[in-house]
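The next block holds one structure in the form of structure tokens; read it before the comments.
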Amino acid sequence: MFRSKRGSSVPSRIPAASARTSPIRIFTLKLTFLALFLVIGLRLVQIQVIEASLYQGIARKQYEAKVALPATRGNIYDSKGKILVSNSMYVSFGVDPAIVGRDAPAIARRFSRVFGKSSSEYLKKISATNKRFVWLKRRVKPDYAKKINAIEFEGLIQLNEPQRIYHYDHIAAHVIGFTDVDNNGLTGTELQFDENLRGTDGYVIMQRDGLGRKRPSVDYPRVEPINGNSIVLTIDLEYQAIAEEELRRGIEQNKAESGLVIMMDPTTGEILAMANYPPVNLDNVSGTDPSLMRNRIITDMFEPGSMFKIVTASAALEHDLVTPEQNFFAENGKYIVKLGHGKSRTINDIHEYGTITFQDAMELSSNIVMAKVSDLIGVESLYLTARNFGFGTETGLELPGEVSGELKKPNQWSGTTLNSIAYGYEVGVTPLQITLAYAAVANKGVLMRPHILKQVLNENNEIIVETRSQVIRQVISTTTAQTLTSFLVGVVERGTGVSAKVKGVSVAGKTGTSRKFVGGKYERGSYTASFAGFFPAEDPKVMCVVMLDNPRVGGYTGGVASAPIFRAIIEKVIATCARFTKKSNAAIAGKQPMAIPDVRTLRTDVAIDVLRSQGFRVKTLGDGKFIAGQSPAPPMKLSSDGLVKLTTTAADETMAGGYTVVPDVRGMTIRRAMNRLAMRQLDVEVAGSGIVVDQKPRVGQRVKIGACVSVRCQPKDLSALMVH
Amino acid sequence: MIGTQRNHIDLPILVCVLILMVMSMGVVYSASSTWALEKFGESERLLTSHATKVVAGFLAIFIFMNIDYKRYRKRTKLILILAVLLLVTTLVLDSRWLRHGGFGFQPSEFAKYALVFHLCVLMSDKKEHIADFKTGFLPMMIWIVAVTSLVLLQPDFSSGAIIFVVSFLMLFIGRASFAHIGFTVGALVPVLIAYLASAEYRYRRIMDFGQRISNFVAGGGDLGAKGNYQLWQGIIGFGNGGIFGLGPGHSRQRDFFLPESYGDFVFSVVGEEYGLIGTLCILLLFVTVTLRGFRVAKHARDDFGAYLAIGITTCITLCALINAGVTVGILPTTGLPMPFVSYGGSSMLFSSIAIGVLLNISSQTDMHPRLTKAPGGTQPVELTQLPAAGNVF
């Protein structure tokens with residue numbers, strides 16, 4: 001090819017050709033260059049004019065980082081202002097080994113200096129992995145953030161981890177509920193009042209560079225977070241603790257599968273305690289069976305058995321169908337009811353009775369008499385009475401998961417329903433509903449709306465919502481209520497509930513024993529044992545229901561299994577709770593010395609409230625916002641009207657290099673002890689594991705804030721588990 | 001040497017280049033300040049380094065402006081051999097850079113100009129014989145292939161490609177036969193493709209570019225290619241500047257969003273700080289240099305001067321075009337600096353030398369006659385008016 005080409009390209013012809021083509025070639029090149037410049041120019045116009053706003057938006061987004069300023073979740077208090085749940089902030093550190101690179105030794109040295117482990121250990125963590133994230137230190141006090149100063153190192157990541165502190169471990173766990181890792185309420189109060197508790201996160205716009213490092217921008221406003229509101233429950237920590245402890249103690253004796261206790265103020269509808277057994281540990285819910293997390297007082301229904309006779313009696317008395325003295329033949333324990341079509345059914349009493357009065361029938365809990373009385377009442381009237389007591393509808397208590405129970409409409413009633421309902425079968429009720437029914441009797445026939453929310457406090461602890469007691473309806477007349485109360489006193493004095501008798505105080509109550517309906521039939525040997533009662537009978541202050549699932553040792557009836565637990569609770573309440581020690585039952589509680597609550601480092605007003613609510617007189621020295629000292633102080637005891645002197649201190653003094661008082665952390669789990677110490681801004685040094693058995697410095701000693709408290713721990717043994 | 005300037009130099013070229021160089025000081029300072037502060041603890045570190053290079057560039061321009069370009073004629077072969085040796089040295093040393101103490105330079109930049117100079121000598125020597133394959137085309141091809149291959153083996157695809165393209169543009173201008181050019185390019189394309197495919201990143205860049213173009217053709221596709229982080233950030237920088245820019249020193253992309261913002265992507269920082277006005281100004285400065293360069297070629301005293309003017313102009317223009325084209329996302333990503341603007345010593349130094357030579361060529365034309373007062377008279381008289389003797393154009 002080149003041969004031929006060369007053959008044709010005679011040198012002499014070239015100059016002429018080149019003279020002609022050359023300017024064209026140059027012109028072509030010049031034109032190409034200019035065209036390319038033009039294309040680039042047009043492209044620049046496209047980017048910088050036409051699409052500019054698009055890129056400006058992208059740019060702004062990548063320069064600015066909206067950093068959330070998380071709102072602090074609200075606290076949960078008991079009705080006396082004791083903190084059940086609050087928060088602590090922890091920081092955790094991790095690294096991205098891929099980014100750390102040359103900084104690795106420096107990071108390891110820094111961690112070694114701050115946390116005291118050898119730097120090679122950290123270096124190994126950083127380098128001996130191909131992961132993109134490795135934890136170096138989890139959940140340490142926020143002070144460490146400054147010491148580590150993560151911003152100095154590329155690839156070192158600091159995470160703030162807020163965490164709920166449960167100040168009383170499992171106490172009221174079912175009521176409080178728990179949150180997920182992101183602090184969203186999942187159950188109980190945490191879920192119900194999540195909107196209130198969570199608050200509103202604030203934010204600050206940070207300027208960011210290409211490495212993702214941030215610095216606050218002066219051009220943008222900082223939106224402060226609005227911290228969550230606090231919830232004050234009607235739950236009384238003392239009642240709750242007593243209920244839980246006595247429930248546990250009782251169940252350990254009668255080996256029931258599970259149990260629950262509910263206490264309320266019958267005059268106001270305030271729930272004072274809600275205890276479920278088995279307990280759950282809120283600090284470690286991940287391994288807990290979700291079904292155990294249910295607050296069965298509102299989520300489960302059962303057939304109430306004899307406890308429901310209060311409804312039958314109410315209907316009969318209210319409509320003057322019977323008198324207390326009216327005689328009924330109890331059929332000697334076996335009552336055959338003809339149903340027509342040659343069918344019949346048998347109603348049994350546990351004990352055989354002949355002719356007894358209506359009042360006897362209530363006190364001795366005769367199913368047969370109640371069935372006969374229901375025939376006098378009739379379907380409509382019994383249904384309406386049950387309905388008026390609140391059965392078959394949700395009570396509206398402010399906790400999630402409530403069920404309405406099951407009360408069939410009269411047109412669904414079969415031939416047996418009227419008689420069955422009379423003694424508490426063919427009807428499903430929640431423990432709360434039964435509690436409310438008895439509370440209505442206690443409250444002169446007036447049914448109150450139950451509530452567990454006492455107050456909502458904003459972040460400045462100002463009350464923004466307060467629940468007022470609310471009457472639902474007068475279910476029965478005062479006279480009927482009084483008659484029924486006298487029946488219930490009789491139950492405890494001489495009937496099935498004698499085990500609930502408490503010396504020095506009149507208790508009204510009713511036992512209930514119902515076969516459990518399992519898999520479509522009533523199971524033999526499987527019972528729900530209950531006791532519902534209130535005291536003092538003449539001026540009811542506390543309504544309490546105890547229910548046990550399948551007690552297996554020492555008797556399965558409500559009178560045998562549940563009534564003693566009820567009594568134990570009442571006795572303890574009367575012995576320790578201020579309102580009874582002071583008033584009606586001075587005979588029992590008297591002026592015996594009481595444990596003084598530890599109010600040191602509480603806010604002054606809260607401290608005064610706490611002490612006064614327990615009957616103590618208070619004298620404050622100074623007008624500071626916080627309590628620096630108290631005299632006498634725990635573990636001293638003081639008679640209930642004794643004087644407690646409080647020394648106050650200004651807030652900032654406490655904060656800035658002030659002193660604090662070493663709290664008693666003995667008997668606590670390590671975690672709770674650390675939380676407790678952290679609340680007082682104390683460092684902690686732990687030896688051993690399990691339960692704190694010894695601490696240094698000793699309880700009550702004044703130490704500088706930030707001082708180190710060393711605690712010695714021993715593994716939890718069984719007895720440690722039982723007592724708290 | 002001094003005194004070889006018969007007439008005035010072409011001032012527009014000098015002024016444009018000086019403006020670019022002065023402007024680069026501000027842009028490079030701003031673009032590098034965050035990085036320098038992070039790296040060295042002082043934001044001026046790269047500015048001082050760049051300023052030294054700019055001053056060296058000034059000096060180079062003024063020195064080479066005063067050296068008669070015809071003096072290179074006999075020496076280009078020697079210089080090119082030296083360049084080839086340097087390239088071989090870098091191959092042996094396995095680095096694109098030659099360093100001695102604090103001073104380092106890229107031999108490929110030197111080799112580019114050495115090759116262009118020598119091609120100009122060959123073309124002006126061979127004249128019409130250039131169309132002859134054996135005596136005209138082949139000797140030049142041997143040099144081109146040798147230098148290009150050595151640069152590609154560095155491996156430095158961008159520089160290799162630009163040397164290859166510049167060389168062929170020179171052959172094109174030197175009236176090489178289209179058949180020869182076409183055949184050679186046809187023969188070399190498979191080799192180039194094989195080379196491209198030999199390294200994954202190069203292959204990916206080309207495929208990425210192909211994808212971008214097909215997206216664009218398919219309609220509305222984003223030419224900015226988010227897939228290429230540096231390019232995407234560069235385009236964000238242009239867009240963020242808008243028409244008027246954020247103002248000198250106000251670049252945000254330099255804060256570690258745009259990698260090496262002071263280097264190959266400095267044009268984006270110009271766009272961000274000075275807006276469309278700034279970028280168009282830069283383009284206009286280069287357009288002026290290009291047009292004046294061609295004009296110098298047209299008026300050059302001899303063929304060698306004409307070829308040399310074209311060669312120098314092409315080198316600088318092409319480099320500017322490719323750099324700008326890459327940063328605005330219409331060319332595949334390559335690592336070529338923007339002459340006189342980007343931070344970088346080799347480019348600055350050799351471009352300045354080239355401009356100095358170009359200016360010397362211009363001073364020997366009759367474009368800007370040296371005017372002097374006639375003794376005793378007031379009328380300026382053209383002292384030297386030379387015929388454009390022997391110019392092929």
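Protein chains get the first letters and strands the later ones, always in sequence-line order, with residue 1 at the start of each. Keep in mind it's a predicted model, so treat the numbers as computed, not measured.
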Okay, B:F137 and chain A: the region with an atom under 4.5 Å from a heavy atom over there is neither
Interface moiety of B:Q233 toward chain A, non-hydrogen atoms closer than 4.5 Å:
side chain
Over all atoms of both residues, closest heavy-atom pair of A:Q48 and B:L276
OE1-CA, 3.2 Å
Checking side chain to side chain contact (heavy atoms under 4.5 Å, CB included) for the pair B:L283/A:L44: CA distance, chi angles, key distance, verdict?
CA-CA 10 Å; B:L283 288 189; A:L44 283 169; 3.8 Å; yes
Side chain, backbone, both or neither: which part of B:L291 has a heavy atom under 4.5 Å from chain A?
side chain
Could you list which of residues 319-327 of chain B have a heavy atom closer than 4.5 Å to any heavy atom of chain A, in residue-number order?
B:L321, B:A324, B:G325
Kindly indicate whether the side chain of A:F33, heavy atoms from C-beta on, has any atom under 4.5 Å from the side chain of B:T314.
yes
Could you tell me which portion of A:L34 (side chain, backbone, both or neither) has an atom closer than 4.5 angstrom to a non-hydrogen atom of chain B?
side chain
Checking B:F172 against chain A: side chain, backbone, both or neither under 4.5 Å from a heavy atom?
both
Give the minimum heavy-atom separation between A:R43 and B:I235, together with the two atoms involved.
NH2-CD1, 3.7 Å
Approximate separation, where rounding is to 0.5 Å, of A:I40 CD1 and B:L280 CG
11.0 Å
What is the distance from atom CD1 of B:I330 to atom CD of A:Q46, rounded to the nearest 0.5 Å?
10.0 Å
Working to the nearest 0.5 angstrom, can you tell me the gap between B:I310 CD1 and A:R25 CZ?
12.5 Å
Would you name the heavy atoms of B:I236 and A:A59 that are closest together and state the gap between them?
CG2-CB, 3.7 Å
Evaluate side chain to side chain contact (heavy atoms under 4.5 Å, CB included) for B:T290 paired with A:F37, printing each intermediate quantity in order.
CA-CA 10 Å; B:T290 308; A:F37 275 118; 3.8 Å; yes
Could you have a look at B:G241, B:G174, B:G136, B:A176 and say which one has the most heavy-atom pairs with chain A under 4.5 angstrom?
B:A176
Please give me the minimum heavy-atom distance between B:G242 and A:A52, naming the atom from each residue.
CA-CB, 4.3 Å
Give the ring-plane orientation class for B:W232 versus A:Y55, where under 30° counts as parallel, over 60° as perpendicular and anything between as tilted.
perpendicular
Of the backbone (N, CA, C, O) and the side chain (C-beta and beyond), which part of A:T28 lies under 4.5 Å from a heavy atom of chain B, both, or neither?
side chain
Does a sphere of radius 6.0 Å around CD in B:E260 hold more than 12 heavy atoms from other residues, nucleotides or ligands, not counting ones at 6.0 Å or beyond?
no
